[in-house]
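See structure below.
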Amino acid sequence: MKQVIAVLIWTLLFVSLGIYSENKIYDFTNKFKHEIELIQKNIEDDKLDKVAIDIKDFSKSWHKEKEIWYKIVDHEYFDDICLSLNILEQSIKHNDKLSALEQVETIKMHLNNILESEKCDLNHIF
């Protein structure tokens, strides 16, 4: 009987930690999705000076907060976002709106991929 209770406790703990981490990753990705959408709007409105400042703030915040998740979550998406941020920054520096908007969409896609890869559902179990 003690073994059954121990197994149930460990199972509940494991499931609870999975749900908790999924909620935290959801908050993390939504925060950055919101910020990148503001950057996208400013690019579309030709506010490139403001965009350059916003990208630096986004990048600084991203590099600080990604370190927490980098060790837990598949880090391929994090590396791709860092690459896209670098290209985005250079695109804004050279006033290339098309390339900048392309990189914004790439970043949004990778943020969605981070969220999808960590979802707790049957598709990711089997």
Side-chain angles (χ1 to χ4, degrees):
M1 186 65 175
K2 288 182 183 181
Q3 293 174 343
V4 172
I5 292 173
V7 168
L8 288 174
I9 289 173
W10 279 109
T11 303
L12 287 173
L13 180 65
F14 182 73
V15 170
S16 298
L17 286 174
I19 292 170
Y20 176 77
S21 67
E22 183 179 344
N23 287 336
K24 287 297 184 181
I25 289 173
Y26 179 81
D27 294 341
F28 170 76
T29 56
N30 272 352
K31 173 189 173 199
F32 286 105
K33 268 196 255 183
H34 177 70
E35 288 181 26
I36 201 71
E37 285 170 356
L38 292 175
I39 290 172
Q40 180 180 11
K41 181 165 177 21
N42 287 333
I43 292 171
E44 291 168 352
D45 294 341
D46 284 326
K47 298 177 183 175
L48 298 183
D49 292 334
K50 179 165 176 26
V51 169
I53 294 168
D54 289 345
I55 291 172
K56 286 198 185 297
D57 293 341
F58 180 93
S59 184
K60 198 179 293 183
S61 178
W62 172 258
H63 287 291
K64 180 181 174 187
E65 291 189 36
K66 80 167 181 150
E67 294 302 320
I68 298 166
W69 297 108
Y70 197 77
K71 298 169 185 103
I72 300 170
V73 179
D74 182 13
H75 61 272
E76 179 182 355
Y77 299 124
F78 291 94
D79 295 337
D80 291 341
I81 289 174
C82 290
L83 175 64
S84 293
L85 274 173
N86 291 337
I87 296 170
L88 175 60
E89 191 172 352
Q90 293 302 314
S91 298
I92 293 302
K93 188 183 287 185
H94 297 291
N95 295 326
D96 186 359
K97 283 179 55 175
L98 183 62
S99 178
L101 289 171
E102 178 183 344
Q103 294 309 314
V104 166
E105 287 300 320
T106 302
I107 291 169
K108 286 169 35 178
M109 181 187 68
H110 289 308
L111 287 170
N112 283 331
N113 289 342
I114 290 171
L115 184 60
E116 284 296 316
S117 70
E118 295 305 312
K119 270 191 175 175
C120 293
D121 65 7
L122 293 177
N123 291 333
H124 293 101
I125 294 174
F126 297 110

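What you see is a predicted model, and the numbers here were worked out from it, not measured in a lab. Heavy-atom basis, side chains included; hydrogens, waters and symmetry copies ignored.
No chain of hydrophobic side-chain contacts below 4.5 Å, direct or via other Ile, Leu, Val, Met, Phe, Trp or Tyr residues, connects Ile53 to Ile36. Each of Ile55 and Leu38 belongs to its own hydrophobic cluster when Ile, Leu, Val, Met, Phe, Trp and Tyr are linked at side-chain heavy-atom distances under 4.5 angstrom.
The two atoms that bring Trp69 and Ser21 nearest to each other are CH2-O, 4.0 Å, heavy atoms only. The shortest heavy-atom contact between Ile43 and Leu48 is CA-CD2, 4.4 Å. Closest heavy-atom contact between Lys66 and Phe78: CB-CD2, 3.8 Å.
Other residues, nucleotides and ligands place no more than 12 heavy atoms under 6.0 Å from the CG atom of Asp49. Other residues, nucleotides and ligands contribute more than 12 heavy atoms inside 6.0 Å of the NZ atom of Lys31. Other residues, nucleotides and ligands contribute more than 12 heavy atoms inside 6.0 Å of the CD atom of Glu67.
The line from CD of Glu22 to CG of Asp27 is 11.0 Å long, rounded to the nearest 0.5 Å. In this structure, CD1 on Ile39 lies 10.5 Å from NE2 on His34, to the nearest 0.5 angstrom. Summarising the geometry, atom CE belonging to Met109 is positioned 11.0 Å from atom CD1 belonging to Ile114; distances are rounded to the nearest 0.5 Å.
A heavy-atom distance below 4.5 Å is not found between the side chains of Val7 and Trp10.
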In a table with atom names and distances, give each donor-acceptor pair under 3.5 Å that connects a side chain of residues 80-92 to protein atoms at least two apart or in another chain.
residue: Ser84; atom: OG; partner: Asp80; partner atom: O; Å: 3.2
residue: Ser84; atom: OG; partner: Gln103; partner atom: OE1; Å: 3.2
residue: Asn86; atom: ND2; partner: Cys82; partner atom: O; Å: 3.4
residue: Glu89; atom: OE2; partner: Lys56; partner atom: NZ; Å: 2.9
residue: Ser91; atom: OG; partner: Ile87; partner atom: O; Å: 2.9
residue: Ser91; atom: OG; partner: Ser99; partner atom: OG; Å: 2.9

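Note: His110 and Tyr77 have tilted aromatic rings, judged against thresholds of 30 and 60 degrees for the angle between ring planes.
A salt bridge does not link Lys41 with Glu44: none of the charged nitrogens is closer than 4.0 Å to a carboxylate oxygen. Asp46 has a carboxylate O that lies under 4.0 Å from a charged side-chain N of Lys97, or vice versa, which qualifies the two as a salt bridge.
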